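Keep in mind that this is a model prediction, so the values were computed, not measured. The analysis underlying the following values was restricted to heavy atoms, covering all of them including side chains, and did not include hydrogens, waters or symmetry mates. Numbered from 1 within each chain, the chains take letters A, B, ... in sequence-line order.
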Amino acid sequence: MSIDRHQLAVPLSADLNPAQGEAVKLTEGPLLLLAGAGSGKTRVLTYRVAHMIGQGVDPWSILAITFTNKAAAEMRERITGLVGTEGKGLWVGTFHAVCMRVLRVEIENLPGYKRGFVICDSADQLALLRSVLGELDIDEKKFSPRSLLEVISNAKNRLLSPEAFEREAGDFFAELAARVYRVYQAKLFANNALDFDDIIMLTVRVLRECPQVLGFYQNRFRYILVDEYQDTNHAQYVLINLLASRHRNLCVVGDDDQSVYGWRGADVTNILEFERDYPEAVVLKLEQNYRSSGSILAVANAIVKHNRGRKEKSLWTEKDDGDLVVVHRAVNDTEEARYVVDQVLRLRDNLGLNYGDFAVLYRTNAQSRVLEERFIRAGVPYRVYSGVKFYERMEIKDLLAYLRFVFNPNDSVSFGRIVNVPRRGIGDASLQKLFAFSAGENVSLLELLASLDRLAPEMDLQGRAVNALKGFASMIESFRELARSGTSLWELTQFVLHESGYWESLRGNRAADGEARLENIDEFLNLTAEFDGRATEFLEDYDLGLAADTDTDAAVDGGQGMALLGGFLEQVALVADIDSYDDGEDVVKFMTMHSAKGLEFPVVFLVGMEEGIFPSSRNILEPVLLEEERRLCYVAVTRARERLFLVHARQRTRFGRTESAVPSRFLSEIPDDLVNASEEADWGRSYGAGAYGRSERYGSSGRYGSSGRYGGSERYGGDSVGNPGGASRSGAGARAGAGADSGWGQKDHEPGRSGWGTQKNLDAGRAGQETPAAPVEETYFVGDKVIHPSFGQGIVMSCRGVGDEAEVTVVFAGEVKKLIAAYARLEKT
DNA sequence: TAACGTTCTTTTTTT
DNA sequence: AAGAACGTTA
């Protein structure tokens with residue numbers, strides 16, 4: 001992370017050791033760079049590209065593939081710092097981002113595919129698959145949608161079309177999966193939608209089926225670099241080899257010990273057999289670790305040594321041993337969390353560390369909850385970098401569905417999601433007829449909606465539904481018109497939000513989390529505004545140097561306005577939680593071990609070091625899977641620079657049940673002399689009498705009070721805790737210190753609307769906000785203004801009867817409802 | 001049609 | 001523990 005400091009001032013070679021220097025300079029021909037954890041491979045990759053540009057290589061001819069968008073942004077930034085120019089034309093991105101860039105231009109080379117497609121996220125995939133199961137009359141309970149999706153994903157990662165997959169299907173299940181795959185794919189096609197795996201697979205298809213396209217990109221990319229090569233799957237492997245086969249200037253970087261994505265099709269043999277693919281390849285090894293203390297590195301080496309199928313190598317460091325690694329046993333999971341908080345506070349106090357120096361890593365997202373509760377109670381600021389993604393929340397998905405349907409009116413998944421949200425009186429029965437007709441007559445949804453007058457009788461739709469659908473169709477058309485006009489995304493979103501009645505319906509929803517949802521919507525609007533701010537940049541990028549001809553494009557009708565919307569939707573689909581990782585933010589970082597890959601922290605806690613948790617119970621029996629768990633442990637351990645804490649609990653609550661737990665086998669793979677067990681004993685002693693007293697101290701004394709870092713906000717005085725840094729919340733950077741709230745249910749409590757992609761904070765302290773049911777004997781009069789928990793504000797049109805029995809007719813935003821007072825929970829305003 | 005209550009499933013890991 | 005899925009009720 002120190003590259004910035006060195007930029008430009010020194011010649012490149014001064015920052016590099018001999019092996020690194022060689023890797024930077026050997027720009028011609030294939031290169032395999034085996035880079036151990038913390039060996040500075042990111043720096044090498046960056047310098048290598050900078051060096052090439054410095055040597056006069058046109059950035060336009062360089063393609064660099066990174067593992068995350070975050071890494072891509074960083075690399076681009078550092079290259080800019082090193083060479084002083086922006087490296088215009090340089091392609092840096094993840095596989096998915098790079099392939100999207102190709103497909104946006106080239107997809108129409110594939111028969112039937114259209115530009116203006118949308119990307120299905122996992123929830124969409126699931127919805128689509130279930131509709132397939134329904135059509136094929138397959139019982140979800142016998143064949144779980146998720147396992148079928150996994151099979152399909154695997155097939156795509158191996159570049160198998162439904163037909164090819166069918167041919168190789170050996171057993172009954174595979175045959176069934178093949179049928180499902182075929183229909184699923186047909187549905188995607190009809191919706192003009194791609195799933196994640198399609199993005200790679202279709203790119204390969206274009207390159208394979210269109211020699212002129214392949215030729216173009218082969219010629220263009222004289223130099224190709226791929227990071228984390230051990231995590232590439234077959235489709236990605238083929239893609240890279242197709243592109244690199246002309247110039248053969250392919251540099252791949254990786255570490256077989258850090259291969260942890262086998263479960264999503266990654267194939268370590270890609271890196272292990274690179275020399276077979278490129279016999280003339282130079283192989284360089286980076287074995288000096290610059291990150292971790294001697295003890296931490298020794299622990300990592302000791303653990304990974306237990307794996308059989310690996311290339312022998314030994315990382316070394318010039319650093320001192322440093323502190324011993326601490327293994328701590330907690331009584332249960334809440335005590336585990338308490339221990340972590342206490343250690344954070346202790347180290348911060350004793351060593352002058354910042355919150356931002358700590359990371360807590362776990363195997364599964366579910367483990368974050370207990371930790372969060374504890375951190376909130378202690379008032380320690382933290383941020384969760386995985387788990388429920390921001391845009392997976394219901395209200396965000398709804399809003400996105402509107403935008404997606406505006407962008408692509410063939411997207412039946414989005415249509416199905418929003419057509420009756422807020423309620424428009426279009427019921428399931430009507431929708432079924434609609435979909436059946438659309439599929440049966442092969443009429444697109446758009447055409448169907450446009451010609452309802454003619455087709456409604458054929459579909460046997462109710463008059464009420466027809467009218468509602470007509471209204472919906474013309475509303476969508478007005479949205480599309482606005483989008484085409486080139487309005488800003490923010491404006492479009494505002495328009496959609498209000499015209500659709502969605503905002504109103506949320507605002508009226510006083511129940512439970514309506515407020516939080518509105519805040520999320522607010523956050524979403526910030527994101528659109530932020531994207532608007534980058535509009536020019538994006539549109540330039542969009543058809544940069546490619547034969548894109550947006551003006552005459554029929555599929556993306558509306559040109560730039562729609563293109564902008566498409567770009568935004570793409571970003572939403574492909575940007576991961578971890579991409580918002582902000583190193584500088586002074587909060588404790590929570591994330592899965594997988595997400596932590598590529599990152600480093602001064603102090604790391606690995607929690608849940610128990611058999612069944614880590615290694616996961618699903619991967620314990622199969623040796624190959626167990627080795628991947630062990631590699632994950634290696635990755636996790638090597639994230640730590642100075643201090644490492646390995647924590648396990650004797651009891652843990654899972655599925656609401658308390659189970660006893662056995663320490664992870666990985667702990668016993670560490671030689672005793674590398675571990676500090678004394679802290680455990682120390683803690684053990686103080687536990688009975690001291691533990692609660694201790695938390696008391698942290699909780700209520702002013703001892704840690706005014707650290708001054710936060711401009712005087714009282715950190716630990718009583719329970720009141722502010723947000724770090726005054727919680728600036730402009731734009732996507734709005735990451736108000738999730739978890740900094742103490743949870744009294746105070747008004748400005750901010751339940752996790754912590755910005756792009758962060759997990760929602762706990763709703764601790766939100767109790768007691770329940771809306772009471774309508775008071776008995778309440779009487780309604782025509783003209784009364786009322787609020788309904790889900791319909792929002794409305795006006796009473798008529799009322800029959802009194803008290804509980806009263807049947808009240810209310811006009812809500814765009815709809816009329818007949819409600820029984822006793823059940824409706826109406827509130828007079 | 002929608003709200004509400006009961007029962008069931010869920011926890012790998014992510015682009 | 002929390003959410004989804006189903007059935008019941010008005």
Side-chain angles (χ1 to χ4, degrees), chain A residues 65-70 93-100 119-122 125-126 130 140-141 144 146 150 153 156-157 194-200 228 231-233 235-236 260-266 333 361-370 373 385-389 392 394 420 423-430 464-465 511 570 573-579 591-597 608 612-620 625 628-629 631-632 635-636 652-658 757 762-763 773 788-791 804-805 807 815 817-825:
Chain A
I65 293 182
T66 57
F67 197 64
T68 61
N69 293 299
K70 168 86 178 159
T94 63
F95 271 104
H96 287 86
V98 165
C99 287
M100 275 303 292
I119 300 168
C120 284
D121 66 17
S122 18
Q125 285 180 275
L126 207 59
R130 299 181 109 170
E140 278 188 26
K141 285 180 187 112
S144 90
R146 285 186 57 198
E150 207 169 294
S153 175
K156 290 183 175 184
N157 287 336
L194 311 192
D195 65 19
F196 289 123
D197 302 311
D198 282 337
I199 294 172
I200 314 289
E228 306 281 8
D231 288 325
T232 50
N233 62 37
Q236 293 164 336
V260 292
Y261 284 98
W263 52 272
R264 69 174 200 207
D333 45 2
L361 310 182
Y362 35 77
R363 178 67 231 274
T364 65
N365 285 305
Q367 288 170 258
S368 74
R369 172 164 278 134
V370 186
E373 279 167 12
Y385 281 95
S386 41
V388 181
K389 290 172 180 68
E392 279 174 12
M394 193 246 288
N420 201 31
R423 313 238 139 79
R424 300 186 173 91
I426 303 167
D428 264 356
S430 308
R464 199 170 61 122
E570 178 189 324
L574 293 182
V575 164
D577 214 15
I578 198 68
D579 291 326
M591 65 186 80
T592 64
M593 297 175 185
H594 280 88
S595 295
K597 194 165 169 203
I613 303 281
F614 189 40
S616 159
S617 54
R618 307 200 174 205
N619 299 338
I620 275 184
L625 300 178
E628 181 154 309
E629 294 281 309
R631 287 193 294 272
L632 184 60
V635 167
R652 182 171 297 276
T653 311
R654 275 177 103 190
F655 304 129
R657 205 184 298 281
T658 302
L762 294 170
D763 283 348
H788 183 272
S790 54
F791 300 130
D804 275 0
E805 267 97 34
E807 192 185 297
E815 58 190 328
K817 291 280 159 198
K818 262 188 197 158
L819 303 156
I820 310 290
Y823 306 104
R825 292 203 294 168

Original post:
Is it true that the side chains of A:Gln125 and A:Ser122 contain a donor and an acceptor less than 3.5 Å apart?
Top reply: no

Original post:
If you check the A:Arg363 side chain, which of B:dT13, B:dT15, B:dA2 turns out closest?
Top reply: B:dT13

Whole Å only: how far is the [atom1] atom of [X] from the [atom2] atom of [N]?
| X | N | atom1 | atom2 | answer |
| --- | --- | --- | --- | --- |
| A:Ile199 | B:dT15 | CD1 | P | 12 Å |
| A:Asp231 | B:dT13 | CG | P | 17 Å |
| A:Asn233 | B:dT14 | CG | P | 17 Å |
| A:Arg423 | B:dT1 | CZ | P | 11 Å |
| A:Leu574 | B:dT14 | CG | C1' | 12 Å |
| A:Arg652 | C:dA1 | CZ | P | 16 Å |
| A:Gln367 | C:dA1 | CD | P | 18 Å |
| A:Glu150 | B:dT13 | CD | C1' | 11 Å |

Could you work out, with side chain to side chain donor-acceptor pair (under 3.5 Å) as the rule, every residue matching [X], not counting sequence neighbours?
| X | answer |
| --- | --- |
| A:Asp333 | none |
| A:Ser153 | A:Asp197 |
| A:Ser430 | none |

May I ask you to say what [X] touches in the nucleic acid, namely base, sugar-phosphate or nothing, with a heavy-atom cut-off under 4.0 Å?
| X | answer |
| --- | --- |
| A:Arg130 | sugar-phosphate |
| A:Asn619 | base |
| A:Ser595 | sugar-phosphate |

Original post:
Considering only heavy atoms from C-beta outward, does the side chain of A:Phe95 approach that of A:Thr232 to under 4.5 Å?
Top reply: yes

Original post:
Ring-on-base stacking between A:Trp263 and B:dT13, under 5.5 Å between centres and under 30° between planes: is it there?
Top reply: yes

**OP:** Look at the side-chain N and O atoms of A:Thr592 and state whether any lies under 4.0 Å from the OP1 or OP2 oxygen of B:dT14.
**Re:** yes

Original post:
Can you check whether A:Ser122 has a side-chain N or O nearer than 4.0 Å to OP1 or OP2 of B:dT15?
Top reply: no

Subject >> Qualifying residues under ring pair (Phe, Tyr, Trp, His ring centres under 6.0 Å), relative to A:Phe67, sequence neighbours excluded >> reply: A:Tyr261

Tabulate atom names and distances for all N/O pairs under 3.5 angstrom spanning the protein and nucleotides 9-11 of chain B.
from: B:dT11; atom 1: OP2; to: A:Arg146; atom 2: NH1; distance (Å): 2.7
from: B:dT11; atom 1: O3'; to: A:Arg618; atom 2: NE; distance (Å): 3.4
from: B:dT11; atom 1: O3'; to: A:Arg618; atom 2: NH2; distance (Å): 3.0

Original post:
DNA chain B: A:Leu625 or A:Ser430, which has the more 5' nearest nucleotide?
Top reply: A:Ser430

Original post:
Of all residues at least two apart in sequence or in a different chain, which pass the salt bridge (charged side-chain N to carboxylate O under 4.0 Å, His left out) check with A:Glu628?
Top reply: A:Arg631

